[in-house]
Trainee: 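Please find one structure pasted underneath; my questions will follow.
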Amino acid sequence: QVQLVESGGGLVQAGGSLRLSCAASGGTFSSSAMGWFRQAPGKERDFVAFINWSGVTYYANSVKGRFTISRDNAKNTVYLQMNSLKPEDTAVYYCAEYSRGSSFLSRSYDFWGQGTQVTVSS
């Protein structure tokens with residue numbers, strides 16, 4: 001089964017940028033659809049962004065215009081470029097491999113990374 005390892009989280013000032021990476025191994029990454037989710041303390045895990053095998057993307061309204069999901073199939077890696085960060089973006093961010101169903105729902109994804117903490121100070 002696929003293994004996902006995330007990196008790039010950290011503490012940043014509001015208005016700053018971070019790029020999260022998710023390295024995949026053990027699967028057919030080039031033909032997989034991938035998503036990013038986030039979960040803040042005491043809140044549900046929310047959809048952030050999705051990218052399919054051909055590069056079609058979807059974004060949560062809360063991050064449109066600020067976040068960009070991309071992939072580098074040669075490196076088996078999915079990225080989440082986060083710009084103009086806000087304190088409300090503070091959460092643990094997870095990447096996941098899409099399986100079936102609505103791409104906006106966490107239950108549509110079979111394999112998950114360990115998560116990486118993003119903290120945005122005000």
Trainee: Tell me every residue that passes ring-ring contact (aromatic ring centres under 6.0 Å, His included) with Phe37, counting only those two or more places apart in sequence or in another chain.
Mentor: Phe47, Tyr109, Trp112

Trainee: Drop me the distance from Leu85's CG to Ser122's OG, to the nearest 0.5 angstrom.
Mentor: 13.0 Å

Trainee: Any link between Leu80 and Val12 through a network of hydrophobic side chains (Ile, Leu, Val, Met, Phe, Trp, Tyr) touching at under 4.5 Å?
Mentor: yes

Trainee: Please collect all ring-ring contact (aromatic ring centres under 6.0 Å, His included) contacts where either partner lies in residues 57-88, sequence neighbours excluded, each pair once.
Mentor: Phe50-Tyr58

Trainee: Between Glu6 and Thr116, what is the shortest heavy-atom contact and its length?
Mentor: OE1-N, 4.1 Å

Trainee: Considering non-hydrogen atoms only, spot the tightest contact between Val118 and Met82 and give its length.
Mentor: CG2-CE, 3.8 Å

Trainee: Excluding sequence neighbours, so at least two apart, what forms side chain to side chain donor-acceptor pair (under 3.5 Å) with Arg107?
Mentor: none

Trainee: Does any part of the side chain of Cys22, heavy atoms only, come nearer than 4.5 Å to the side chain of Arg71, both counted from C-beta?
Mentor: no

Trainee: Decide yes or no for Asp46 and Val48: does some side-chain heavy atom of the first lie under 4.5 Å from some side-chain heavy atom of the second?
Mentor: no

Trainee: Testing the basics here: between Trp36 and Ile69, what is the closest heavy-atom pair and its distance to 0.1 Å?
Mentor: CD1-CD1, 3.5 Å

Trainee: Please give me the minimum heavy-atom distance between Gln39 and Lys43, naming the atom from each residue.
Mentor: NE2-O, 3.1 Å

Trainee: Taking all atoms of both residues into account, what is the closest heavy-atom pair of Gly9 and Leu20, and its distance?
Mentor: N-CD2, 3.6 Å

Trainee: Test of understanding: clusters of I, L, V, M, F, W, Y form through side-chain heavy atoms closer than 4.5 Å, transitively. Do Val63 and Tyr98 belong to the same one?
Mentor: no

Trainee: Does Ala60 offer a backbone N or O that forms a donor-acceptor pair with the side chain of Ser62 under 3.5 Å?
Mentor: no

Trainee: In chain order, what residues pass the salt bridge (charged side-chain N to carboxylate O under 4.0 Å, His left out) check against Arg19, with sequence neighbours excluded?
Mentor: none

Trainee: According to side chain to side chain donor-acceptor pair (under 3.5 Å), who are the partners of Ser25, at least two apart in sequence or on a separate chain?
Mentor: none

Trainee: Using modelled atom types and a 3.5 Å cut-off, is there a donor and acceptor pairing between side-chain atoms of Asn73 and backbone atoms of Asn76?
Mentor: no

Trainee: Do any N or O atoms from the side chain of Ser108 and from the backbone of Ser102 form a donor-acceptor pair under 3.5 angstrom?
Mentor: yes

Trainee: Test: side chain to side chain donor-acceptor pair (under 3.5 Å). Region: residues 81-93. Which pairs qualify, not counting sequence neighbours?
Mentor: Ser17-Asn83, Arg38-Asp89, Arg38-Tyr93, Arg66-Asp89, Gln81-Asn83

Trainee: Rounded to the nearest 0.5 Å, how far does OG of Ser32 lie from CG of Leu4?
Mentor: 8.5 Å

Trainee: What I'd like to find out is whether the side chain of Trp53 reaches to under 4.5 Å of the side chain of Met34, using heavy atoms alone.
Mentor: no

Trainee: Taking all atoms of both residues into account, what is the closest heavy-atom pair of Tyr94 and Gln114, and its distance?
Mentor: CE2-O, 3.7 Å

Trainee: Any heavy-atom pair between the side chains of Cys95 and Val78 that's under 4.5 Å?
Mentor: no

Trainee: Report yes or no: does Gln3 contribute a side-chain atom to a donor-acceptor pair with the main-chain N or O of Ala24 at less than 3.5 Å?
Mentor: no

